[in-house]
Visitor: 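Mind having a look at this structure? Questions to follow.
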2 protein chains.
Amino acid sequence: MADSVPKSTRQTLDRLYDDPEDRLKSLFGLTPDDTEIEATRTVFKALSNEYRIRILEALRDGELCACEIQVVLDAPQSTVASHLRELKDAGLVNTRRQGKWTYYRIGDTAVLQLLDIADALAEETA
Amino acid sequence: MADSVPKSTRQTLDRLYDDPEDRLKSLFGLTPDDTEIEATRTVFKALSNEYRIRILEALRDGELCACEIQVVLDAPQSTVASHLRELKDAGLVNTRRQGKWTYYRIGDTAVLQLLDIADALAEETA
DNA sequence: GCCCTATACCGAGTATTATCGATTTGTATG
DNA sequence: CATACAAATCGATAATACTCGGTATAGGGC
């Protein structure tokens, strides 16, 4: 681990701290493992699109079929379908097939918590 | 509003519901206004990057200067700087300048809540 | 079987983001 | 005010994401 640290960084730490080696160790301790970060990123990425946020908001009150979501979004069928797929892949929604129709619903209320917190955060920032 | 609904949608609703006009109205009621959605999206977009998640995780324990964050991320200075700027623009971190150094800190504990919830959600999905 | 409809998938064009070397800006210190 | 250094910005290239027409798949009714 110590070998991968560039000289410039060591020099910076040398100037800043009494015990740069200790500081280096504690800094590296701040990094969680890659797979966990990647999984978290997947969730946020799925949430970082206007259409997909609209879909989740529409699903607050309960399930809707794809054709209804199309009405809410007022967008081409293929566009809506691809966003629905992304939400499903990210595990944020579940589906239920009934005849020709596919019904979508929020997979976990934690999704709504995320939306609420982000909304509040955005509002106070603005 | 009714004018913007395409014929194909009306036909779909006609087939699905007894009172398609009512259904149309309730569906449109599910859409929040554009500026709110956009603000929420900005927050999630800022969170949907590996480096930026790492930065926020590193800031859990308290503020760090940009040069220390560079050590944690092990990435070029300009790359780190652009991510820090994006986090700041999104309102997720605040800065404090002390001499040559700029210290970054989490702007609101709600940011950590978002990370925790998304992490838990990602874990249960996997 | 055929036809109609809901929805999933493909792929090419477009738009947005990320990366990072080079340069500039701000802040000390001699 | 010259030098050193932290950090911000610029700008060109690369990577990623979005859009959506066209097409394929699947279910139900005749």
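All values reported here derive from a predicted model rather than from experimental measurement. Chain naming here is simple, since letters A, B, ... match the order of the sequence lines and numbering starts at 1 in each.
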Visitor: Could you give the CG-to-C1' distance, from A:Leu73 to C:dT7, as a whole number of Å?
Guide: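 In whole Å, C:dT7 C1' and A:Leu73 CG are 14 Å from each other.
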Visitor: What residues, two or more places apart in sequence or in another chain, satisfy salt bridge (Lys or Arg N to Asp or Glu O under 4.0 Å) together with A:Asp34?
Guide: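 A:Asp34 satisfies salt bridge (Lys or Arg N to Asp or Glu O under 4.0 Å) with B:Arg54 once adjacent residues are dropped.
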Visitor: Give me the distances for all protein-to-nucleotides 12-14 of chain C N/O pairs that come in under 3.5 Å?
Guide:
none

Visitor: What integer distance in Å separates A:Glu63:CD from C:dA6:C1'?
Guide: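 That distance rounds to 16 Å.
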Visitor: Strictly below 4.0 Å: does B:Arg52 bring a side-chain N or O up to OP1 or OP2 of C:dA18?
Guide: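 Checking B:Arg52 against C:dA18: at least one side-chain N or O falls below 4.0 Å of OP1 or OP2.
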Visitor: Show me the donor-acceptor pairs within less than 3.5 Å that the side chains of residues 87-94 of chain B make with the rest of the protein, sequence neighbours left out.
Guide:
residue	atom	partner	partner atom	Å
B:Lys88	NZ	B:Thr95	OG1	3.3
B:Asp89	OD2	B:Arg85	NH1	2.4

Visitor: Only counting residues at least two apart or in another chain, list the ones meeting side-chain contact (heavy atoms from CB on, under 4.5 Å) with B:Thr79.
Guide: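 With sequence neighbours excluded, B:Thr79 shows a side-chain contact (heavy atoms from CB on, under 4.5 Å) to B:Tyr51, B:Pro76, B:His83, given in chain and number order.
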Visitor: Would you jot down, in residue-number order, the residues of residues 75-94 of chain A having a non-hydrogen atom under 4.0 Å from DNA chain C?
Guide: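 A:Gln77, A:Ser78, A:Arg85 - these, ordered by number, are the residues of the stretch whose heavy atoms sit under 4.0 Å from the strand.
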Visitor: Let's see if you can work this out: which of C:dT7, D:dA7, D:dG27 has an atom nearest to the side-chain heavy atoms of B:Cys67?
Guide: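 For the B:Cys67 side chain, the nearest candidate turns out to be D:dA7.
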Visitor: Starting at atom CZ of B:Arg54, determine the distance to atom P of C:dA18, rounded to an integer number of angstrom.
Guide: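 Rounded to whole Å, this separation is 16 Å.
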Visitor: Hey, does the side chain of B:Tyr104 come within less than 4.0 Å of D:dA8's phosphate (OP1/OP2), counting only N and O?
Guide: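 Result: yes.
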Visitor: With B:Ala66, which residues qualify under side-chain contact (heavy atoms from CB on, under 4.5 Å), at least two apart?
Guide: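 If we apply the side-chain contact (heavy atoms from CB on, under 4.5 Å) test to B:Ala66, skipping adjacent residues, the hits are B:Leu84, B:Tyr104.
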Visitor: Do B:Val43 and B:Leu114 have side-chain heavy atoms sitting under 4.5 Å apart?
Guide: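 When only atoms from C-beta onward are counted, B:Leu114 and B:Val43 do touch, with a gap below 4.5 Å.
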Visitor: Does any pair with a residue in residues 107-120 of chain A pass salt bridge (charged side-chain N to carboxylate O under 4.0 Å, His left out), and if so which ones, sequence neighbours excluded?
Guide: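 For residues 107-120 of chain A, and leaving out neighbouring residues, the salt bridge (charged side-chain N to carboxylate O under 4.0 Å, His left out) pairs sorted by first residue read A:Arg60-A:Asp116.
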Visitor: Tell me, which of residues 42-51 of chain B have any heavy atom that sits under 4.0 Å from an atom in DNA chain D?
Guide: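 Heavy-atom contacts with DNA chain D come from no residue of residues 42-51 of chain B; none.
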Visitor: What pairs with B:Arg96 under salt bridge (Lys or Arg N to Asp or Glu O under 4.0 Å), at least two apart in sequence or on another chain?
Guide: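 With sequence neighbours excluded, B:Arg96 shows a salt bridge (Lys or Arg N to Asp or Glu O under 4.0 Å) to B:Glu63, given in chain and number order.
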Visitor: Considering only residues two or more places apart or on different chains, which pairs with a residue in residues 59-82 of chain A satisfy ring pair (Phe, Tyr, Trp, His ring centres under 6.0 Å)?
Guide: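 Counting only pairs at least two positions apart or across chains, no ring pair (Phe, Tyr, Trp, His ring centres under 6.0 Å) contact touches residues 59-82 of chain A.
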Visitor: Side chain to side chain donor-acceptor pair (under 3.5 Å) with B:Gln77: which residues, sequence neighbours excluded?
Guide: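 Side chain to side chain donor-acceptor pair (under 3.5 Å) check on B:Gln77 returns nothing, list empty.
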Visitor: Got B:Lys45 and B:Glu86 here, is their nearest side-chain heavy-atom distance under 4.5 Å?
Guide: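 Result yes, sub-4.5 Å side-chain heavy-atom pair found.
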Visitor: Partners of B:Glu36 by side chain to side chain donor-acceptor pair (under 3.5 Å), sequence neighbours excluded?
Guide: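 B:Glu36 satisfies side chain to side chain donor-acceptor pair (under 3.5 Å) with no residue once adjacent residues are dropped.
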Visitor: Could you state the CD-P distance from B:Gln98 to D:dA7, rounded to the nearest angstrom?
Guide: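 One finds 11 Å between P of D:dA7 and CD of B:Gln98, rounded.
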